[in-house]
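Atoms within each ligand, like the ligands themselves, are counted from 1 in listed order. Every value quoted in this text rests on a predicted model; they were computed, and no experiment measured them.
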Amino acid sequence: MKKTLVIWVAALVLCQALQAQIVGAGKAVDPYKYTIVKKGTFSKAAVSSAHPLASQVGAAIMKRGGNAFDAAIATQLALAVVYPEAGNIGGGGFLVGRKKDGEIVGLDYREAAPAAASRDMYLDRNGNAQLNLSQNGHLASGIPGTVAGLFATLPYAKLPFTQLVQPAIDLAEKGYVISAREASGLNSARESFLKYSTRPTAFTKEGKWKAGDTLVQPELAATLKRMQKDGAKGFYQGETARLIVEEMQRGKGIITEEDLKNYTAKLREPIEFNYRGHHIISFAPPSSGGILLAQMMKMIESFPVSEYQFQTVKSVQLMIEAERRAYADRAEHQGDPDFWKVPVATLTSDAYLKQRMADYDPDKAGVSANVKAGQIPQSEETTHLSTMDAEGNMVAVTTTLNGGYGSKTVVGGAGFLMNNEMDDFSAKPGVPNMYGALGGEANAIAPGKRMLSCMTPTLVLKGNKPYLTIGTPGGTTIPTSVYQALVNLIDFNMNLDDAINKPKFHHQWFPDEVSVEKDFSAETKKQLEAMGYKLKERGGIGRTEGIRILNGKREAVADKRGDDSVAGF
Ligand code: GLY
């Protein structure tokens with residue numbers, strides 16, 4: 001059963017109707033009139049992403065013979081146009097996929113620090129961290145990885161890149177109608193775009209954006225066409241690279257042509273573990289997401305969580321204490337594995353995790369100041385998409401600019417936003433980044449190093465067969481959102497809709513507080529406070545997208561917390 005929500009009736013003037021067909025995706029995608037579809041059950045293939053047009057593009061590509069990897073590429077490219085807040089070609093991300101023959105693919109296309117970056121680059125002469133520089137403008141950007149990631153995904157896809165990028169080109173060239181949420185986002189970022197970009201951008205105009213306006217991005221369309229013609233070189237070399245470097249030079253950024261030319265996506269072995277009869281596959285460092293997920297789930301596995309029941313004080317307290325301990329380990333032990341030896345095997349071993357929970361007291365709130373990282377011998381704006389096809393391939397991709405609209409620097413002449421991912425490094429030990437996360441030596445800045453992420457694109461197998469693809473944006477709340485969605489499904493036997501949309505909570509060691517969504521149980525809140533927990537109400541946690549196989553069909557769900565939408569057939 002589809003539950004559709006018509007968000008607006010677009011003014012369909014004749015000329016728009018004539019333009020409405022997105023050539024690369026057929027008539028299925030009308031950028032001037034579309035609806036948000038929160039859930040759907042499809043017999044063959046499905047996509048769940050942060051924007052209805054991007055999900056429709058992915059589904060249309062599979063209808064034309066593409067597989068889940070083709071859909072992941074085309075959906076990401078469409079998101080780079082219709083979801084400028086986080087969809088991107090100026091950022092980076094991680095993909096975990098499972099081919100129909102069982103092969104697991106882990107692609108790291110996280111941004112990297114430029115060659116001229118240095119450990120103390122964000123400290124002033126008194127040693128104080130200047131987080132405005134790691135969070136906004138030209139110096140905040142790492143070398144973008146997304147385009148390298150798209151081309152590294154291509155060998156697993158079936159259709160040529162020229163076809164996969166065409167819908168995004170059409171959307172950028174002809175424009176698409178924006179929602180009230182998007183209009184409000186662009187209006188709030190207006191002053192930042194003007195401050196941190198050196199050339200006029202498509203994102204600012206005379207007066208305010210409103211729902212129903214059409215956003216056209218001709219410079220971005222030209223950049224996508226260069227990629228269509230010259231492949232990855234159409235971004236990392238030639239005209240686009242020149243435009244990026246010129247933008248950097250105008251704004252005192254440090255990314256060079258050499259940095260762009262040398263960037264490569266890397267294959268990584270995912271983190272895999274079992275939890276109550278399910279096999280879970282998630283991302284390895286330089287994302288901390290997979291290890292955090294494994295640690296939190298394995299720390300609670302020996303407890304009868306389903307008996308404790310959903311969001312009672314008993315189940316929430318146990319889950320918080322696992323979160324606290326896992327995030328303490330993250331700060332000390334996780335970083336780019338090409339620069340820092342991450343003790344993956346120990347951090348995820350049963351013996352270590354049992355010992356981490358040895359001081360767990362079910363009657364008392366833990367105190368982060370007393371919980372150190374375990375002893376080892378020796379923005380919140382990101383976006384997630386899930387795709388599943390009829391052949392049995394499934395893909396989870398989380399990609400990001402870091403904060404909403406990244407560094408707010410639009411590359412002059414090339415029309416896309418750069419990331420502010422340098423803030424995900426630890427600018428100074430003990431100084432929290434924009435997500436309040438702490439870090440130390442493991443995540444210090446070094447040239448070429450990839451900043452530690454929390455992105456947690458995740459696949460689940462049941463009986464060694466594809467079962468679920470899931471993930472979410474949300475900075476440090478990413479691993480805890482995926483953790484809770486999985487516990488909701490597996491321990492509390494919820495359907496996917498409830499598993500994703502029920503209220504969430506989050507603890508990340510420091511600050512020593514539990515964030516809860518507004519609709520979190522008032523009774524549980526009261527009981528946690530009585531035990532000594534400090535609770536803080538906050539806006540939505542994550543925007544989770546998931547697809548699972550249920551009775552042979554693809555059940556797709558898009559989070560209620562945004563314009564997120566599913567598509568399929
Ligand atoms: N920028 C958010 C993350 O990578 O976790």
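Ion pairing between Arg561 and Glu517 holds under the 4.0 Å rule for side-chain N and carboxylate O. For Lys195 and Glu191, the salt-bridge test fails: no basic side-chain N is under 4.0 Å from an acidic carboxylate O.
For Tyr275, the ring-ring contact (aromatic ring centres under 6.0 Å, His included) criterion is met by no residue, not counting sequence neighbours. Shown here are the ring-ring contact (aromatic ring centres under 6.0 Å, His included) partners of Phe235, two or more places apart in sequence or in another chain: Phe416.
In the vicinity of Arg110, heavy-atom distances shorter than 4.0 Å reach the ligand 1 atoms 4 (O). Atoms of ligand 1 lying under 4.0 Å from at least one heavy atom of Met455, given by number and element, are 4 (O), 5 (O).
The proximity of Met451 to ligand 1, defined as any non-hydrogen pair under 4.0 Å, does not occur for either the backbone or the side chain. The proximity of Asp424 to ligand 1, defined as any non-hydrogen pair under 4.0 Å, is limited to the side chain.
Polar contact with ligand 1: absent for Gly475 (N/O pair, distance under 3.5 Å).
By the 4.5 Å heavy-atom criterion applied to side chains, Arg450 and Asp108 are counted as neighbours.
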